[in-house]
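Working notes, beginning with the structure itself.
In what follows, chains carry the letters A, B, and so on, assigned in the order in which the sequence lines appear, proteins first and then strands, with residues in each chain numbered from 1.
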Number of protein chains: 2
Amino acid sequence: MTAERKMALALLVNGTGHHGASWLHPSTQADASTSIEWYRDTALLAERGLFDLFFIADTPAARTSNLEAYSRFPIFMNVFEPVTLLATLAGLTSHIGLGGTVSTSFTEPYNVARQFVSLDHLSHGRAAWNVVTSANDFAARNFGLDRLPPHAQRYERAQEYVDLVRKLWDSWEDDAFIFDRTSGLTFDPAKQHAVDHEGKFFTLHGALNIRRAPQGHPVIIQAGASDTGREFAAETAEIVFSSDASIESGLRFYRDLKGRMDKFGRDPDELKILAGKPVLIADSAQEAEDMFQTLQEMIHPMVGRMRLGMDLETDLSDLPLDEPIPEDRIPKTSNQHKAYFDHIVEMIRTDKLTLRQLYLRYERGNKTFRGTAMQVADNLEDWFAAGAADGFMMNFSIMPMGLERFVAEVVPEIQRRGLFRTAYTGRTLRENLGLKRPANRHVVPAPAPLEVAK
Amino acid sequence: MTAERKMALALLVNGTGHHGASWLHPSTQADASTSIEWYRDTALLAERGLFDLFFIADTPAARTSNLEAYSRFPIFMNVFEPVTLLATLAGLTSHIGLGGTVSTSFTEPYNVARQFVSLDHLSHGRAAWNVVTSANDFAARNFGLDRLPPHAQRYERAQEYVDLVRKLWDSWEDDAFIFDRTSGLTFDPAKQHAVDHEGKFFTLHGALNIRRAPQGHPVIIQAGASDTGREFAAETAEIVFSSDASIESGLRFYRDLKGRMDKFGRDPDELKILAGKPVLIADSAQEAEDMFQTLQEMIHPMVGRMRLGMDLETDLSDLPLDEPIPEDRIPKTSNQHKAYFDHIVEMIRTDKLTLRQLYLRYERGNKTFRGTAMQVADNLEDWFAAGAADGFMMNFSIMPMGLERFVAEVVPEIQRRGLFRTAYTGRTLRENLGLKRPANRHVVPAPAPLEVAK
Ligand SMILES: Cc1cc2nc3c(=O)[nH]c(=O)nc-3n(C[C@H](O)[C@H](O)[C@H](O)COP(=O)(O)O)c2cc1C
Ligand SMILES: Cc1cc2nc3c(=O)[nH]c(=O)nc-3n(C[C@H](O)[C@H](O)[C@H](O)COP(=O)(O)O)c2cc1C
């Protein structure tokens, strides 16, 4: 670790804020999730804060049952499609990376490869793709299936999918397009390399119909937490979002994941682990805590049950609120987000909480950090100094309020401490993150310059 | 026809211009097809000219054989993916409609339905989807097939696809999202209408995860020319691009297509026929003719052969240039763009031209109109007054030069003649075109106000 090491910052954005009741808070714009003006202003604010990445989560489905609960907590019920949203933002921002989620389970590699290269050109090298396998049966039913394919098979398809997309991303050499009016050639025919792929899930013979991306390849993000998910990330990802509650477990995850890379011939520096940081900032720790409790009290029991049931993969709507969840209501196996499922089961078994206590305590991923700007800066520094993260995926309970305070108060503080950049240093997302630009697999690297003997 | 009737104008854009040799012209930007700055400037210019629609053609494939010819005429070898490009332009323009091509043969209805509604929100009601079935085997090979499915089957799938997409576009009522902090509900659960579709090509049970589009439905464009294609358009399309060489054949097409609508319960006004108008404007007719001939001479024989062979669905590369194409080299049947194929066969049989003469004369669709700005205005007026078109799909041999002259010289002239708007009158593409906003199929129309008897 040198003095030069800086943390990376990503921002997870989904409208009014990370907290399920945020849209009820009077400072938020309730319909933010489909307001392009809201997204533009938020992205520009994040850019003023020198964030590396503006990130959009996604699932390709609205829920169609239990609608009253989803109306009270409208997760993915009314959102922009990520790639189109990011393409609009590409034209309205200049520096920040633009990362979006697209599922490998319900799309075609050629189309997704094209859209991300297109986004990379439209943004001059700022595109990133969050590779997910999707984890709900509502999505499956939008694509001709009754339910999700098994977890392991989804990851097998994801791996072949990403390999194939990367082949497509190399189907033109960087300097293939020459537009030479003298010879009359727009490209050098020898610099197209058509893909010939015959795999378990996909057959594809062809070349992408757009020149190679400014970043070589758009950046690959992944957030798998299960063993299968980690193997996939170790082989494939360049950014991983982790979600650990303590520095100790964060360090364990960090070492585990980076330790898996060597067997795939990868250097640990080729992957940046960004720890998820849900944050609520106020003038004092007590005020932050009070705000958080106020939000918690606004969670309707219907929503609490639904959120918990969603990740426990079972319907909890008939259970009494003030008694523990009976052991026999815990499903034997899971097929969605395995890591979330395991976490809830562990909480049920060890903490003996009532259903109400449990849903109030449960948050997907890391717990919300409540405190002052200075305490947030301390927390980020502690994690970073301990080597438990290369940076952070921030998300704020209430938006844009949380981001405003972070940019105004936390960013100057971590800059003062030498932990964060004071200006964008690169032009592309890769350059800002310190990720190498991938060479084209079809190009033999030029020999190193000869050392002239004296 | 009232004095109020105004023509609609669309612009077909594909980089340096419509002519195959345009990229060699010194006034063009050779790499325009993947320059967002070029597209931005061009869209803003079209917006100054009060165009209704900025339109992007597409096929999801680069050619991977005969590369030297394709390098000399790089049709779809290096282009932005249309939806991402239009999403960026949505944020950089304010009034012009944004139309893009997406194939129903190689995509999933849920994803496409979502992306176009998203684009419609991002542009505040300016999205249009050009529905095509794709017509080359290179595309098929990017999606696991050896060759295209048969023409009739592609259209059968297209019809089911569009029906399904429209069901998804109605899966929320216009006023479903209420964001009512008092009741704690973001939407009225009774106003979601999940789709239950079990068809020949698709099964889908679900609702879109974005509120209804500003336009109700994004506008549907279609350009089928075969009998099957026309039936599809008559049932489904709201804009059709025609490509006829004379007012007489234009009128025949216009009447034929509008005449087919009644049996689908549609009013002729629900579909706008825009005649394709490739145009080259100069200070005199002679100068325009000279410029055209200069461009024609720049067509490499390899390209001429390839272009003709592409639409004749056969390889012509071994044939002598200065002899006619032998009858036995004409394929018995076609499976791509049937209308183009038939046109070439007719030219071969009736005009007895050499291969070289034929490729110089052949242009996909309508012939390029060469003349002064005043002659162009006259031509548009003649077509419009004859009732052979509701408007025009302009494309210019050399871009942006052609568009610049059109906006500076033709637009004021057709305005002076009362044929074209002098300001955008609507906020959405539908409003500008005079197309009705589709009601949601799940909403019973309010009863007409009672006429009070005197
Ligand atoms: C910060 C973060 C963001 C995520 N974003 C998405 C997303 O947008 N869509 C999705 O389907 N899953 C998303 N996931 C879920 C992961 O892709 C993954 O499924 C989950 O962490 C469980 O791991 P597993 O798939 O290995 O069981 C996200 C997870 C994290 C931690
Ligand atoms: C102005 C115009 C634009 C078109 N754009 C596309 C396009 O972007 N992609 C495509 O595959 N076909 C495109 N086509 C082809 C039509 O969709 C259609 O296939 C063709 O006119 C032949 O008709 P048919 O399909 O009924 O045989 C276009 C046609 C015209 C006239």
Side-chain angles (χ1 to χ4, degrees), chain A residues 23-24 30-31 34 36 40 59-62 64 67-68 71-72 74 76-81 83-85 87-92 106-108 110-111 114-115 118-119 121-122 138 141-144 177 179 181 184-189 192 194 202-211 300, chain B residues 23-24 30-31 34 36 40 59-62 64 67-68 71-72 74 76-81 83-85 87-92 106-108 110-111 114-115 118-119 121-122 138 141-144 177 179 181 184-189 192 194 202-211 300:
Chain A
W23 78 273
L24 294 167
D31 66 354
T34 52
I36 180 58
R40 177 200 59 205
T59 198
T64 53
L67 287 183
E68 201 186 320
S71 177
R72 295 175 181 281
F76 296 120
M77 295 300 281
N78 175 39
V79 291
F80 288 120
E81 186 282 329
V83 177
T84 45
L85 169 58
T88 303
L89 293 176
L92 302 173
F106 307 117
T107 55
E108 283 283 345
Y110 194 87
N111 297 330
R114 250 191 113 182
Q115 289 203 325
S118 193
L119 182 63
H121 283 291
L122 291 164
F138 293 94
R141 287 192 287 270
N142 287 334
F143 299 90
F177 283 85
F179 303 105
R181 285 178 175 148
L185 296 177
T186 57
F187 61 83
D188 177 348
Q192 185 199 73
F202 304 103
T203 299
L204 191 156
H205 298 279
L208 220 55
N209 56 356
I210 182 165
R211 64 194 161 92
H300 196 284
Chain B
W23 78 273
L24 294 167
D31 66 354
T34 51
I36 180 58
R40 177 199 58 206
T59 197
T64 53
L67 287 182
E68 201 186 319
S71 176
R72 294 174 182 281
F76 297 121
M77 296 301 281
N78 175 39
V79 291
F80 288 119
E81 187 281 329
V83 178
T84 45
L85 170 58
T88 303
L89 293 176
L92 302 173
F106 307 117
T107 54
E108 284 283 346
Y110 194 88
N111 297 330
R114 250 191 113 181
Q115 289 203 324
S118 192
L119 182 63
H121 283 291
L122 291 164
F138 293 94
R141 287 194 287 270
N142 288 333
F143 299 91
F177 282 86
F179 303 106
R181 285 178 175 147
L185 296 178
T186 57
F187 61 84
D188 176 349
Q192 184 199 74
F202 304 103
T203 299
L204 191 156
H205 298 278
L208 220 55
N209 55 357
I210 182 165
R211 63 194 162 93
H300 196 284

- Note on the structure: For A:Phe143 and B:Glu108, the nearest pair of non-hydrogen atoms, with its separation, is CD2-OE1, 3.6 Å
- Closest approach of B:Asn209 and A:Phe76, non-hydrogen atoms and distance? CB-O, 3.1 Å
- Quick one: what part of A:Gln192 sits under 4.5 Å from any heavy atom of chain B, side chain, backbone, both or neither? side chain
- Message: If I measure from the heavy atoms of chain B, does A:Leu85 come under 4.5 Å with its side chain, its backbone, both, or neither?
- Response: both
- Query: Who are the side-chain contact (heavy atoms from CB on, under 4.5 Å) partners of B:Leu92, not counting sequence neighbours?
  - Reply: A:Leu92, B:Arg40, B:Thr88
- Between A:Gly91, A:Ser118, A:Ala194, which has the largest tally of heavy atom pairs under 4.5 Å with chain B? A:Ser118
- Is it the side chain or the backbone of A:Leu185 that comes within 4.5 Å of chain B heavy atoms, both, or neither? both
- Item | Any residue meeting salt bridge (Lys or Arg N to Asp or Glu O under 4.0 Å) with A:Arg72, in chain and number order, not counting sequence neighbours | A:Glu68
- Which of these, B:Asn142, B:Val79, B:Thr84, sits in a side chain to side chain contact (heavy atoms under 4.5 Å, CB included) with A:Arg114? B:Val79
- Quick one: CZ on B:Phe187 to CE on A:Met77, what's the gap to the nearest 0.5 Å? 3.5 Å
- Item | Interface moiety of A:Phe177 toward chain B, non-hydrogen atoms closer than 4.5 Å | side chain
- Note on the structure: Honestly, the part of A:Thr59 sitting under 4.5 Å from a heavy atom of chain B is backbone
- Message: Is it the case that the side chain of B:Asn111 and the backbone of A:Phe106 share a donor-acceptor pair, with hydrogens and angles ignored and the cut-off at 3.5 Å?
- Response: yes
